[in-house]
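All values below come from the heavy atoms of this structure, side chains included, with hydrogens, waters and symmetry mates left out.
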There are 2 protein chains.
Amino acid sequence: MSQRLQEPSFLILSSLAGGAKHGYGIIKEVQELSAGAVSMKVGTLYGALDRLAAEHLIEVDREEIVDSRLRRYYRLSADGAVLLSTEATRINTQANVALRRLRVAGMHP
Amino acid sequence: MSQRLQEPSFLILSSLAGGAKHGYGIIKEVQELSAGAVSMKVGTLYGALDRLAAEHLIEVDREEIVDSRLRRYYRLSADGAVLLSTEATRINTQANVALRRLRVAGMHP
DNA sequence: AAGTATATATCGGCGGCCAGAGTATGTCCA
DNA sequence: TGGACATACTCTGGCCGCCGATATATACTT
């Protein structure tokens with residue numbers, strides 16, 4: 001049953017763990033956090049947002065109109081927090097295993 | 001240009017960072033490492049092995065016949081080690097960001 | 001004789017991401 | 001004043017990589 005998240009979905013949940021945000025705000029944050037390295041595509045984002053909401057991992061927090069433009073804010077749900085927690089722990093372990101092995105093999109600084 | 005790896009591919013590279021292995025051996029190791037939680041599908045494995053080899057991230061190490069059964073061993077290439085290293089570092093950071101945020105939000109033990 | 005473990009090959013299907021275009025409003029600057 | 005750029009969401013076609021299943025073959029166990 002254990003759900004698996006791909007990177008973009010993981011990053012969305014992670015972004016929302018820092019507080020409710022609207023779509024465009026998530027894109028900006030992901031870009032900043034990765035120092036411009038990762039640019040999430042709009043198609044990916046809004047598609048993922050719909051899917052995550054359908055799975056009750058995120059919820060619509062509120063909607064605002066700013067300068068005649070809609071902002072739909074999402075927040076992390078309780079289920080989403082649990083999933084993000086278990087997933088983050090899991091991939092953290094996996095990353096550490098990889099780094100340790102590379103070090104032992106002399107392939108990592 | 002920065003290549004992205006999905007989990008199964010990442011796990012294969014990680015497994016090979018621990019030494020050359022053959023396909024079935026990789027499946028067994030991944031299963032053991034995750035305490036039976038993750039079972040890599042054979043279709044996924046051999047497909048990924050072919051792709052990774054085509055991208056020169058892994059190489060055929062040697063082939064053996066054991067009990068009339070072929071064993072094709074793969075090893076991590078230099079390129080593969082570099083990629084695994086950068087990827088592991090990157091996702092490690094991402095996982096830590098997520099865990100820190102959950103902790104701050106009081107959503108993580 | 002049947003089931004389990006070892007070992008690889010192959011193939012249809014599909015979910016999720018990519019890439020791009022579309023719609024709209026407001027700001028900055030030349 | 002008009003062109004570029006930022007903000008903000010929508011939609012669609014395509015494709016890549018994983019899933020699930022089946023196939024083949026040998027050896028060991030029950």
Side-chain angles (χ1 to χ4, degrees), chain A residues 1-15 20-32 34 36-55 57-58 60-74 83 87 91 94, chain B residues 1-15 20-32 34 36-55 57-58 60-74 83 87 91 94:
Chain A
M1 209 55 174
S2 67
Q3 187 118 10
R4 64 245 333 106
L5 291 170
Q6 289 195 19
E7 221 182 303
S9 298
F10 181 90
L11 290 172
I12 291 171
L13 294 190
S14 185
S15 177
K21 288 183 193 61
H22 64 289
Y24 198 75
I26 295 173
I27 291 183
K28 290 292 127 186
E29 202 205 19
V30 167
Q31 233 163 27
E32 284 163 22
S34 66
V38 179
S39 77
M40 179 134 47
K41 312 301 173 186
V42 292
T44 302
L45 178 85
Y46 292 106
L49 245 24
D50 289 345
R51 254 179 294 112
L52 293 171
E55 293 166 12
L57 298 173
I58 63 176
V60 174
D61 189 69
R62 67 188 187 278
E63 294 188 342
E64 288 177 359
I65 304 284
V66 178
D67 290 335
S68 322
R69 274 187 230 101
L70 176 66
R71 281 187 184 173
R72 185 152 44 237
Y73 284 78
Y74 289 90
L83 179 60
E87 283 288 282
I91 74 170
Q94 285 178 359
Chain B
M1 204 57 178
S2 67
Q3 186 110 18
R4 41 235 299 140
L5 290 171
Q6 289 197 18
E7 222 182 304
S9 298
F10 182 89
L11 290 173
I12 290 171
L13 294 190
S14 185
S15 178
K21 289 183 192 61
H22 64 288
Y24 198 74
I26 295 172
I27 291 182
K28 290 292 127 184
E29 202 207 19
V30 167
Q31 232 162 27
E32 284 162 22
S34 67
V38 178
S39 76
M40 180 134 46
K41 313 302 175 186
V42 293
T44 302
L45 178 84
Y46 291 105
L49 245 24
D50 289 345
R51 253 180 295 112
L52 294 171
E55 294 166 12
L57 298 173
I58 63 175
V60 174
D61 189 69
R62 67 187 187 280
E63 294 189 342
E64 289 178 0
I65 303 285
V66 177
D67 288 336
S68 324
R69 272 187 232 101
L70 174 68
R71 280 187 185 173
R72 183 154 44 238
Y73 285 78
Y74 290 90
L83 178 61
E87 284 288 283
I91 75 170
Q94 285 179 0

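Checked against ring-ring contact (aromatic ring centres under 6.0 Å, His included), B:Tyr73 has the following partners two or more places apart in sequence or in another chain: B:His22. Under the side chain to side chain donor-acceptor pair (under 3.5 Å) criterion, B:Ser14 pairs with no residue at all, not counting sequence neighbours. Under the side chain to side chain donor-acceptor pair (under 3.5 Å) criterion, B:Asp50 pairs with no residue at all, not counting sequence neighbours. For the side chain to side chain contact (heavy atoms under 4.5 Å, CB included) test, residues two or more places apart in sequence or in another chain that qualify with A:Leu49 are A:Ile12, A:Ile26, A:Leu45, A:Tyr46, A:Ile58, A:Tyr74. Judged as a side chain to side chain donor-acceptor pair (under 3.5 Å), and not counting sequence neighbours, B:Lys28 has no contacts. A:Glu64 meets the salt bridge (charged side-chain N to carboxylate O under 4.0 Å, His left out) test with A:Arg62; sequence neighbours excluded. For B:Arg72, the salt bridge (charged side-chain N to carboxylate O under 4.0 Å, His left out) partners at least two apart in sequence or on another chain are B:Glu63. Among residues two or more places apart in sequence or in another chain, the side chain to side chain contact (heavy atoms under 4.5 Å, CB included) test is passed with A:Arg51 by A:Ser9, A:Ala48.
Atom NE2 in A:His22 sits roughly 8 Å away from atom C1' in D:dT7 (whole-Å rounding). Look at CD on B:Glu29: it is 14 Å from P on C:dT6, rounded to the nearest Å. In this entry the distance linking CD1 of B:Ile65 with C1' of D:dA25 reads 12 Å, nearest Å. A straight line from OH of A:Tyr24 to P of C:dA24 spans 18 Å, rounded to a whole angstrom. Distance, B:Tyr73 OH to C:dT8 C1': 14 Å, rounded to whole Å. Per the geometry, NZ belonging to B:Lys21 stands 13 Å off P belonging to C:dT8, to the nearest Å. To the nearest angstrom, P of C:dA9 lies 12 Å from CD1 of B:Ile27. Computed from coordinates, the B:Glu63 CD to C:dA7 C1' distance equals 12 Å when rounded to whole Å.
At the phosphate of C:dG16, neither OP1 nor OP2 sits under 4.0 Å from any side-chain N or O atom of A:Arg4. Look at B:Arg72 and you won't find any side-chain N or O under 4.0 angstrom from OP1 or OP2 of C:dT6.
Pairs passing the salt bridge (Lys or Arg N to Asp or Glu O under 4.0 Å) check and including a residue from residues 5-14 of chain B, sequence neighbours excluded, read A:Arg90-B:Glu7.
Side chain of A:Ser34 to backbone of A:Val30: a donor-acceptor contact under 3.5 angstrom is found.
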Polar atom pairs (N or O), protein with nucleotides 26-29 of chain C, under 3.5 Å:
from, atom 1, to, atom 2, distance (Å)
C:dG26, OP1, A:Ser68, OG, 2.8
C:dG26, O4', A:Arg69, NH2, 3.1

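A donor-acceptor pair shorter than 3.5 Å cannot be found between the side chains of A:Glu87 and A:Gln3.
Relative to the side chain of B:Lys28, the nucleotides D:dC9, C:dT6, C:dT8 differ in distance, and C:dT6 lies closest.
A heavy atom closer than 4.0 Å to some atom of DNA chain C occurs in B:Val42, B:Gly43, B:Tyr46, these being the qualifying members of residues 39-52 of chain B. Shown for residues 6-13 of chain B: no residue has heavy atoms falling under 4.0 angstrom of DNA chain C.
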